[in-house]
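For reference, the structure discussed in these notes is given below.
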Amino acid sequence: MKPIAITTFLALLSACSAPHFVGDAPPVPVTSHTPEHFELPARFALARVVYGRTQAPGTEEEALWEDLAKRSENLGSFTPLISSDVSRWYGTKENMIEAARRQRYNYLLVVRMDPSTGSADVALLDVGSGGVMATAQAVAKNGGQHGFWGGEINNPARLERATLKIAKAAIPTVEEILLGAVNRQRG
């Protein structure tokens, strides 16, 4: 039931953004090497990964990500990565890159959140080659939180509070990566 709800939420979230049609986007050239420069404006896919699975953000966190997308409109469009095959979400970078290729995104921005350490690993990937363009790490001030008996946090409200703290620390890092992309494109 959760995967269906998550997929539905992500579909609704993408429907709220500015309309763009996958068929209108040029195909992503698949290459064997990561390019030296970014080509902007571009289509960016956002993948938020918690406990190894992509998950939709809570309401407050979603507002933070939407604000970031609005401030970065001059770089291109930012939309959540969506897949019709929910089982592919449990997995690897390759599965996410393949989904981004099918949807004709140029770059994939992956934010892997770890609530137990209160940190996020941020990676900007080139969809054509699957190569890493930039990486960074962000750590929340308060540190991490554990679930009952030290495991994963299963309570959705508690998990939302933990990931919101991580997102507040990660968004400035994502902006820094995007500014780096602009500077790298120029020279």
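- Judged purely by atom type and a 3.5 angstrom limit, Tyr51 uses its side chain to pair as donor or acceptor with the backbone of Ile153.
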Does Leu81 form a side-chain contact (heavy atoms from CB on, under 4.5 Å) with Thr54? I'd like the steps, not just the answer. CA-CA 9 Å; Leu81 182 66; Thr54 58; 6.0 Å; no

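- Note that CG of Asp114 and CG of Asp121 are 8.0 Å apart. Values are rounded to the nearest 0.5 Å.
- Under the 4.5 Å side-chain contact rule for hydrophobic residues, Leu179 and Leu40 do not share a cluster.
- Annotation: the span from Arg102 atom CZ to Ile97 atom CD1 amounts to 12.5 Å, rounded to 0.5 Å.
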Start with the C-alpha gap between Gln55 and Thr163, add the side-chain angles, then the distance that decides, and say whether side-chain contact (heavy atoms from CB on, under 4.5 Å) holds. CA-CA 11 Å; Gln55 294 183 359; Thr163 57; 5.8 Å; no

Under the side-chain contact (heavy atoms from CB on, under 4.5 Å) rule, what do Met96 and Leu125 come out as? Steps first, then yes or no, please. CA-CA 10 Å; Met96 288 188 285; Leu125 308 172; over 6 Å; no

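- Here the shortest heavy-atom pairing between Pro115 and Val50 reads CG-CG1, 4.0 Å.
- Here the side chain of Arg43 pairs a donor or acceptor atom with the backbone of Gln103 at under 3.5 angstrom.
- The backbone N or O of Gly128 lies less than 3.5 Å from a partner atom in the side chain of Arg101, making a donor-acceptor pair.
- You'll find the side chain of Leu109 reaches within 4.5 Å of the side chain of Leu46, heavy atoms only.
- In terms of hydrophobic clustering, with Ile, Leu, Val, Met, Phe, Trp and Tyr side chains grouped at heavy-atom distances under 4.5 Å, Leu159 and Val139 are assigned to different clusters.
- Between atom OG1 of residue Thr117 and atom CD1 of residue Ile166 there is a gap of 6.5 Å, rounded to the nearest 0.5 Å.
- A 6.0 Å sphere centred on CD of Gln137 holds more than 12 heavy atoms belonging to other residues, nucleotides or ligands.
- The two residues Val111 and Trp65 come nearest to each other via the heavy atoms CG2-CH2, 3.9 Å.
- For the atom pair CE (Met133) and CG (Asn106), the distance works out to 10.5 Å, reported to the nearest 0.5 Å.
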For residues 168-175, please give each side-chain donor-acceptor pair under 3.5 Å, one per line with the distance, not counting sequence neighbours.
unit_1	atom_1	unit_2	atom_2	d
Glu175	OE2	Arg71	NE	2.8
Glu175	OE2	Arg71	NH2	2.6

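- In this structure, the separation between CE on Met113 and CD on Glu61 is 4.0 Å, given to the nearest 0.5 Å.
- The two atoms that bring Glu39 and Tyr107 nearest to each other are N-OH, 2.9 Å, heavy atoms only.
- Considering CD of Glu73 and CZ of Phe78, their distance stands at 9.5 Å, rounded to 0.5 Å.
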